[in-house]
Amino acid sequence: DCVGASTMAVNLGSRRVMEKAGMRHVETVFPPFSDPIPGADQGEVIYEIRRIPGQAASAVDRPGSWRRP
């Protein structure tokens with residue numbers, strides 16, 4: 001099982017959130033943009049987190065286990 005996420009390389013806040021969630025940086029890509037915004041030249045970063053087969057599911061993985069305070 002794998003979950004992936006991406007953001008602009010310059011978006012340090014989003015990158016930090018992904019790292020705190022246990023995700024790891026796996027690739028930086030440079031997709032073409034017809035009208036790039038500032039920072040697009042530094043690329044998009046891709047993060048992922050994987051669950052090892054046979055590993056017990058955490059509370060986040062179990063449906064219905066999250067409860068609003």
Side-chain angles (χ1 to χ4, degrees):
D1 296 342
C2 179
V3 174
S6 66
T7 190
M8 292 179 67
V10 296
N11 190 339
L12 300 180
S14 289
R15 294 181 73 168
R16 183 69 181 132
V17 168
M18 289 185 273
E19 291 165 2
K20 282 189 165 199
M23 301 182 93
R24 65 181 186 89
H25 176 249
V26 293
E27 186 177 11
T28 301
V29 295
F30 297 88
F33 294 105
S34 59
D35 188 19
I37 62 173
D41 60 315
Q42 294 183 41
E44 297 274 325
V45 290
I46 300 170
Y47 281 74
E48 70 179 27
I49 188 168
R50 293 182 179 267
R51 185 170 61 176
I52 301 168
Q55 180 183 30
S58 70
V60 176
D61 298 326
R62 290 190 295 270
S65 64
W66 182 82
R67 296 190 184 155
R68 177 169 273 145

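Values below: every heavy atom of this structure, side chains too, minus hydrogens, waters and symmetry copies.
Sorted by first and then second residue, the pairs that involve residues 23-36 and meet salt bridge (charged side-chain N to carboxylate O under 4.0 Å, His left out), not counting sequence neighbours, are R24-E48. Judged as a salt bridge (charged side-chain N to carboxylate O under 4.0 Å, His left out), not a single pair has a partner in residues 37-46 (not counting sequence neighbours).
Cluster annotation: V29 is not connected to M8 through the hydrophobic network of ILVMFWY side chains, with a link wherever side-chain heavy atoms come within less than 4.5 Å. Cluster annotation: V45 is connected to V3 through the hydrophobic network of ILVMFWY side chains, with a link wherever side-chain heavy atoms come within less than 4.5 Å.
A distance-only check finds no donor-acceptor pair linking the side chain of R15 to the backbone of T7 [under 3.5 Å].
The CE atom of M23 sits 9.5 Å away from atom OH of Y47, with the distance rounded to the nearest 0.5 Å.
Considering every non-hydrogen atom in both I49 and A21, the closest pair reads CD1-O, 3.7 Å.
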